[in-house]
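Numbering of ligands and ligand atoms starts at 1, following listing order. No hydrogens, no waters, no symmetry mates; every other heavy atom, side chains included, goes into these values. None of these values were measured; they are calculated from a predicted model.
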Amino acid sequence: MTAVHKYYSVDEWKAFAQSSPEALDFVTVSSGTSEDDIKRLSSIVNEVPGISGITLDIANGYQDSFPDIIARVRDAFPKHTIVAGNVVTGEVVEDLIRAGADVVKVGLGPGSVCITRIKTGVGYPQLSAVLECSEVAHEMGGHIMADGGCTCPGDIAKALGGGADFVMLGGMLAGHDQSGGELRTKEDGTKVKTFYGMSSETAMSKHAGQVASYRTAEGKSVEVPYRGDVTDTLQDILGGLRSTCTYVGAAKLAELAPRTTFIRVQHQANYFYGTKH
Ligand SMILES: NC(=O)C1=CN([C@@H]2O[C@H](COP(=O)(O)OP(=O)(O)OC[C@H]3O[C@@H](n4cnc5c(N)ncnc54)[C@H](OP(=O)(O)O)[C@@H]3O)[C@@H](O)[C@H]2O)C=CC1
Ligand SMILES: Nc1nc2c(ncn2[C@@H]2O[C@H](COP(=O)(O)O)[C@@H](O)[C@H]2O)c(=O)[nH]1
């Protein structure tokens, strides 16, 4: 599934639906929570009937008005799958599911281009958040999506092993042919693409004109090595997960969490040759 960012217009969505109708089953429309955001979301969902998923994506899912906004979107679109977040604690997972979310997105500050923890001091260890939030969501028949912080296939396995039903990836999918960002060849001949956080100065300049004078950027912009077609990366992830399942004796992904135990370690691998992969 791809959560398409919230800055596409209704016309761009219509053109996309016409050119790639087969993709609609695998995308969600993202939206913020302002009146303008909800108006735009409603127009897109009403005018592109093939869409079945909505992602209500805000930096701070603890905003008091968030449950009411989820309930409003649920009333308007009773059959659509609603993903909502981000939060990191069970109590609020419960509130968001009661309000109408099918999937609660979990993660504050773990992202590869996130600087929220540095700029605000706010955050929560991602695996602890996944363990706590998944337990609450599953007791209520809901689901969670672990969002941010995965750097390798093993991290995805750990998120699923911790109880996540979905894992959202940014950095691991950056730099490919299918990713955003212009391909550039540097003076030394290496090819790179730009990858930026949605709360970075780059994003705010592009989508909001500038960083509002009373705010600060909570994301950064980086150059990532060009990595070609995404198929090989996806295959690497799937191969890793398949092998995880065999190590823990899970016949399918749904069996991963009940068969996983975590042990606190000092190092997760041997980095003698300095490389992670
Ligand atoms: N998972 C994470 O840890 C984080 C993820 N992000 C990602 O970046 C995207 C863009 O982020 P960003 O523009 O910062 O946030 P939002 O998209 O949530 O911002 C929308 C509006 O909400 C208000 N707002 C922003 N941050 C907060 C906050 N912490 N508490 C209360 N209100 C807030 C601001 O309104 P006003 O201008 O009126 O103040 C802002 O204009 C997010 O949608 C998310 O995808 C961003 C930060 C953290
Ligand atoms: N604090 C910020 N978080 C951000 C920003 N842009 C995106 N994000 C979050 O990161 C994940 C992806 O994490 P990754 O480790 O897989 O790269 C994304 O889904 C958002 O929740 C940002 O500018 N600031």
Query - Structural part of Gln63 in contact with ligand 1, heavy atom criterion under 4.0 angstrom - result: side chain
Query raised in the report: Would you say ligand 1 has an N or O under 3.5 Å from any N or O of Arg215?
Result: yes
Requested in this report: Decide whether Ser42 and Asn46 meet the rule of one side-chain donor and one side-chain acceptor closer than 3.5 Å.
Outcome: no
Requested in this report: State plainly whether the residues Lys220 and Glu201 are in salt-bridge range, i.e. N to O under 4.0 Å.
Outcome: no
Query - Asp57/Lys105 salt bridge by N-O under 4.0 Å criterion - result: yes
**Report entry** N/O separation below 3.5 Å, Gly109 to ligand 1
**Finding:** yes
Query raised in the report: So which bit of Ser112 gets within less than 4.0 Å of ligand 2, heavy atoms only: side chain, backbone, both or neither?
Result: both
Query - Short side-chain donor-acceptor distance under 3.5 Å, Asp236 and Thr233 - result: no
Query raised in the report: Quick one: does Lys105 get a heavy atom under 4.0 Å from ligand 1?
Result: no
Query raised in the report: At under 4.0 Å between heavy atoms, which part of Leu169 makes contact with ligand 2: side chain, backbone, both or neither?
Result: backbone
Query raised in the report: Distance below 4.0 Å between atom 8 (N) of ligand 2 and any protein heavy atom?
Result: no
**Report entry** Gln268 side chain to Lys158 side chain, donor-acceptor N/O pair below 3.5 angstrom
**Finding:** yes
Query raised in the report: If we only count N/O pairs under 3.5 Å, is Asp57 in contact with ligand 1?
Result: yes
